[in-house]
There are 2 protein chains.
Amino acid sequence: MLKMKDFEEHINTLRSLGLRPTKQRIKICEILFGKKATFHFTVNQLNEIYKKKFKSKISLATIYNTVHGFKKKGYLKEITLDGNKSYYDTNTLNHHHFYDEGEDKLIDIENFDVSLNSLPKAPLNKSIKSVELMIRLENNNHNQK
Amino acid sequence: MLKMKDFEEHINTLRSLGLRPTKQRIKICEILFGKKATFHFTVNQLNEIYKKKFKSKISLATIYNTVHGFKKKGYLKEITLDGNKSYYDTNTLNHHHFYDEGEDKLIDIENFDVSLNSLPKAPLNKSIKSVELMIRLENNNHNQK
DNA sequence: CTTATACTTTAGAATGATTATAAATTAATT
DNA sequence: AATTAATTTATAATCATTCTAAAGTATAAG
Ligand SMILES: [Mn+2]
Ligand SMILES: [Mn+2]
Ligand SMILES: [Zn+2]
Ligand SMILES: [Zn+2]
């Protein structure tokens, strides 16, 4: 069966990162890396998903620890938006986003959908670490009766 | 003398925005709009500058109120970065930024230094509100003895 | 100029996200 | 099975931001 295989894979991933495969971490892996699609989330959203999916609670501190651990190992990327909370992204490659303000939702943009033909040169003694586009979206229905 | 003129101008600006020209607001105007260059700041930085420049204290709540007021009137723009605090920008036009991570500093990029040749189409029923680039910088001296 | 009114400032409390702490639990090692 | 080290947990602490309600100030009216 497939479930077993995913489970084992998450254990191996965790071990290869030098993180003990605890049941909390394995479950978080199932949420984050069990789907094929990119996944954008906040710590609180992840906590809610965890509670619903596994009908068990987990300490918020563990969610923070795990997410920070995955980020440090390069398995998650932190994303910056309005507001005071962080978003995380299972797509750790450099890429661009739509941000739908109405739904407070991030959407990946494929790199080939964007062409950046010229970039400014970095200031002296600095080099470019990343180049990311944020395209904010609003609903079309502006002036309605 | 020039000082007087600037002062009067700030009063007029405030009046034209429907904001009473209180001494706190006029001083904040002097800080924000007294220089020609674009200015990026956090609420706390503005508070520190105010204390040093005028040797007087102001309530943080007033700084928040004023900054939010200017933002609503389109005289300031909020910028989004890592972390949990907001930056504000006296340049309210759509424009791109360098972010120097070492110095935690934003630098404007002139629009003509960037050419975006193709953009993705907005999802159904959504339209693009803004397109902004964030170019993160790091120091060159990485592998030093 | 004096009073009345609405707006503004202020200190401090409340909130919400995040981080720190220290004890209890669990995984890995012997 | 016992020992050690890592992890989880509840809870407290911190920090940016927002809220509140009382005191102060700018403007409008008389
Ligand atoms: Mn804000
Ligand atoms: Mn963080
Ligand atoms: Zn993404
Ligand atoms: Zn700027």
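Labels below follow one simple rule: chain letters A, B, ... track the order of the sequence lines, proteins then strands, and each chain is numbered from 1.
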Undergrad: OP1 or OP2 of D/dA6 sitting under 4.0 Å from any side-chain N/O of A/Thr22?
TA: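 For D/dA6, OP1/OP2 do not have a side-chain N/O of A/Thr22 under 4.0 Å.
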
Undergrad: D/dA16 phosphate, OP1 or OP2: any side-chain N/O from B/Thr42 under 4.0 angstrom?
TA: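 No.
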
Undergrad: Rounded to the nearest Å, what distance is computed from the CD atom of residue B/Gln24 to the P atom of nucleotide D/dA26?
TA: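 Atom-to-atom, B/Gln24 to D/dA26, this comes out as 8 Å.
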
Undergrad: Whole Å only: how far is the OH atom of A/Tyr64 from the C1' atom of C/dT18?
TA: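 The distance from OH of A/Tyr64 to C1' of C/dT18 comes to 5 Å, rounded to the nearest Å.
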
Undergrad: Output the rounded distance in Å from CZ (B/Arg15) to C1' (C/dA6).
TA: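 Atom-to-atom, B/Arg15 to C/dA6, this comes out as 15 Å.
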
Undergrad: Round to the nearest Å and state the distance from A/Glu78 atom CD to C/dA17 atom P.
TA: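 Spelled out: CD on A/Glu78 to P on C/dA17 is 15 Å.
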
Undergrad: Below 4.0 angstrom from OP1 or OP2 of C/dT18, is there any side-chain N or O of A/Ser86?
TA: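 Yes, because at least one side-chain N or O of A/Ser86 sits under 4.0 Å from OP1 or OP2 of C/dT18.
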
Undergrad: Measure from CG on A/Asn44 to C1' on C/dG16 and round the result to the nearest Å.
TA: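 Atom-to-atom, A/Asn44 to C/dG16, this comes out as 9 Å.
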
Undergrad: Considering heavy-atom distances to DNA chain D, does B/Leu19 or B/Lys85 have its closest nucleotide positioned more toward the 5' end?
TA: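 Taking each residue's closest nucleotide, the earlier one in sequence belongs to B/Lys85.
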
Undergrad: Would you call A/Lys121 and B/Asp113 a salt bridge, using N to O less than 4.0 angstrom?
TA: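 A salt bridge is present here (some side-chain N lies under 4.0 Å from a carboxylate O).
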
Undergrad: With sugar-phosphate meaning primed atoms plus P, OP1 and OP2, does B/Thr62 contact a base, only sugar-phosphate, or nothing at under 4.0 Å between heavy atoms?
TA: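 Contact class for B/Thr62: base.
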
Undergrad: How many Å lie between CZ on B/Arg25 and P on C/dC7, as a whole number?
TA: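 Checked: the CZ to P distance equals 11 Å.
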
Undergrad: According to a 4.5 Å side-chain heavy-atom criterion applied to Ile, Leu, Val, Met, Phe, Trp and Tyr, with indirect links allowed, do B/Phe39 and B/Ile28 form part of one hydrophobic cluster?
TA: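 Yes, because B/Phe39 and B/Ile28 connect within a single hydrophobic cluster, where side-chain heavy atoms sit under 4.5 Å apart.
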
Undergrad: At their closest point, which heavy atom of B/Ile128 faces which heavy atom of A/Glu138, and how far apart are they?
TA: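 Scanning both residues completely, I find the closest heavy atoms to be O-OE2, 4.4 Å.
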
Undergrad: Between A/His68 and C/dT18, does any side-chain N or O lie under 4.0 Å from OP1 or OP2?
TA: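 Looking at the OP1 and OP2 atoms of C/dT18, neither is under 4.0 Å from any side-chain N or O of A/His68.
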
Undergrad: Please determine whether a side-chain nitrogen of the Lys or Arg among B/Glu132 and B/Lys77 lies less than 4.0 Å from a carboxylate oxygen of the Asp or Glu.
TA: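 A salt bridge is present here (some side-chain N lies under 4.0 Å from a carboxylate O).
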
Undergrad: Any idea which of C/dG12, C/dT18, D/dT17 is nearest the B/Ala61 side chain?
TA: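 Within the option list, the nearest is C/dG12.
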
Undergrad: If I take atom CD1 in residue B/Ile26 and atom P in nucleotide C/dC7, what distance separates them, rounded to the nearest angstrom?
TA: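 Atom CD1 in B/Ile26 sits about 19 Å away from atom P in C/dC7.
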
Undergrad: Within this structure, what is the CD1-to-C1' distance between B/Ile63 and D/dA16, rounded to whole angstrom?
TA: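 That distance rounds to 14 Å.
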
Undergrad: Taking NZ, NE, NH1 and NH2 as the nitrogens, is one of them in A/Arg25 or A/Glu30 under 4.0 Å from a carboxylate oxygen of the other?
TA: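 Judged by the 4.0 Å cut-off on N to carboxylate O distance, A/Arg25 and A/Glu30 do not form a salt bridge.
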
Undergrad: Pick the closest DNA chain C nucleotide for B/Arg20 and for B/Lys57 by heavy atoms, then say which residue is nearer the 5' end.
TA: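 Nearer the 5' end of the strand: B/Arg20.
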
